[in-house]
Amino acid sequence: IGSSLLKGFKTKNISELTVNSTGNVRINCVYTNCSDTKINVNARGLVELTNGGIYGSVNATQYVSLATNVEVDSIATLDKVYIANANAKLIHANKEVLLTAGAFGGYIYSNADVSLSASSATHISAFGNVRMTLQSSVTKNVESAKYVYLLSSNVVGDIKAYDYVDLNG
């Protein structure tokens with residue numbers, strides 16, 4: 001059970017669209033002409049957004065995945081967040097947040113671990129560990145209830161960790 005915008009669906013004359021689903025939502029803007037429409041998603045399942053598109057709020061009970069030139073204002077999920085080569089201005093996750101391949105995370109709040117690999121964020125606050133590798137950067141503060149690990153990465157603001165900070169690079 002789920003929802004998807006089908007191949008050939010056009011949003012040309014729609015300025016804002018809200019998708020409410022009792023299951024999963026998958027939108028691939030290669031097959032759906034998303035144009036400049038802002039799409040909001042509310043799902044009782046997972047959300048997968050790929051290949052472009054402008055999104056407002058994305059709310060899900062399962063994981064949220066963004067890939068390849070997707071732009072999202074905010075994400076709220078009871079599960080994990082995976083972002084590769086895409087951007088989200090605000091992330092609230094109950095579980096792990098992973099940014100990779102040039103992703104941008106804005107303000108990230110997680111009840112679990114946060115990992116950045118070749119990615120960037122504005123601020124990170126995690127109840128788990130924070131790991132930053134491969135030239136990742138944070139322009140403000142990093143806060144962790146456990147430890148912060150940096151390998152060849154940069155934090156401009158303060159780093160606060162309950163356990164320890166490992167500046168390995």
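Below, all heavy atoms of this structure are taken into account, side chains as well, without hydrogens, waters or symmetry copies. Keep in mind that what you see is a predicted model, and the values were worked out from it rather than measured.
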Side-chain heavy atoms under 4.5 angstrom apart, residues restricted to Ile, Leu, Val, Met, Phe, Trp, Tyr: same cluster for V155 and V97? yes
Can you find a pair of side-chain heavy atoms, one from S153 and one from Q135, that are under 4.5 Å apart? no
If you round to the nearest 0.5 Å, how far is CG of L49 from CD1 of I75? 8.0 Å
Contacts of type side-chain hydrogen bond (donor to acceptor under 3.5 Å, both in side chains), residue Y107, not counting sequence neighbours: K140
From Q62 atom CD to K95 atom NZ, the distance as rounded to the nearest 0.5 Å: 9.0 Å
Quick one: does Y149's side chain get under 4.5 Å of V165's, heavy atoms only? no
Do I27 and C29 have side-chain heavy atoms sitting under 4.5 Å apart? yes
Is there side-chain contact between T68 and V70, with heavy atoms separated by less than 4.5 Å? no
What pair of heavy atoms forms the shortest contact from G23 to A43, and how long is it? O-CB, 3.5 Å
Find out whether L150 and I159 are in side-chain contact, i.e. whether some heavy atom of one side chain is under 4.5 Å from a heavy atom of the other. yes
Grab the two heavy atoms, one from A126 and one from A112, that are nearest each other, plus how far apart they are. CB-O, 3.4 Å
Would you confirm whether S136, through its side chain, and S119, through its main-chain N or O, come within 3.5 Å as a donor-acceptor pair? yes
Report whether V142 and Y162 are members of the same hydrophobic cluster (ILVMFWY, side-chain heavy atoms less than 4.5 Å apart, transitive linking). no
With the 4.5 Å side-chain cut-off for hydrophobic clustering, are Y63 and V58 part of the same group? no
Which residue pairs pass the side chain to side chain donor-acceptor pair (under 3.5 Å) test with at least one member in residues 72-87, sequence neighbours excluded? K38-D73, E71-N87, D73-K89
Hey, could you give me the CG/OG distance between L134 and S152, rounded to the nearest 0.5 Å? 7.5 Å
Any V47 side-chain heavy atom under 4.5 Å of V41 side chain: yes
Give a yes or no on whether L46 and I83 share a hydrophobic cluster (residues Ile, Leu, Val, Met, Phe, Trp, Tyr; joining criterion: side-chain heavy atoms under 4.5 Å apart). no
Give me the one residue out of V64, I108, V114 that meets side-chain contact (heavy atoms from CB on, under 4.5 Å) with I91. I108
Would you compute the distance between atom CG of N129 and atom OG of S110 and round it to the nearest 0.5 angstrom? 10.5 Å
Between I39 and V19, is a side-chain contact (heavy atoms from CB on, under 4.5 Å) present by the stated rule, with each step listed? CA-CA 7 Å; I39 302 170; V19 177; 4.2 Å; yes
Closest non-hydrogen atom pair, A67 against A86: N-CB, 4.2 Å
Once you round to the nearest 0.5 Å, how far does CD of E16 lie from CG of D36? 13.0 Å
For A145 and F127, work out which heavy atoms get closest and say how close. CB-O, 3.3 Å
Compare every heavy atom of A93 with every heavy atom of V81, then report the nearest pair and how far apart it is. CG2-CB, 3.9 Å
State which residues pass side-chain hydrogen bond (donor to acceptor under 3.5 Å, both in side chains) with Y109; sequence neighbours excluded, sorted by chain then number. none
Contact check, side chains of V72 and L66, non-hydrogen atoms, under 4.5 Å: yes
Minimal non-hydrogen separation, L116 against I124, with atom names: CD1-CD1, 3.7 Å
Check: T37 side chain, I14 main-chain N or O, donor-acceptor pair, under 3.5 Å: yes
Rounded to the nearest 0.5 angstrom, the OG-NZ distance for S144 and K160 is 12.5 Å
Exam field: side chain N141 to backbone D158, donor-acceptor pair closer than 3.5 Å: yes
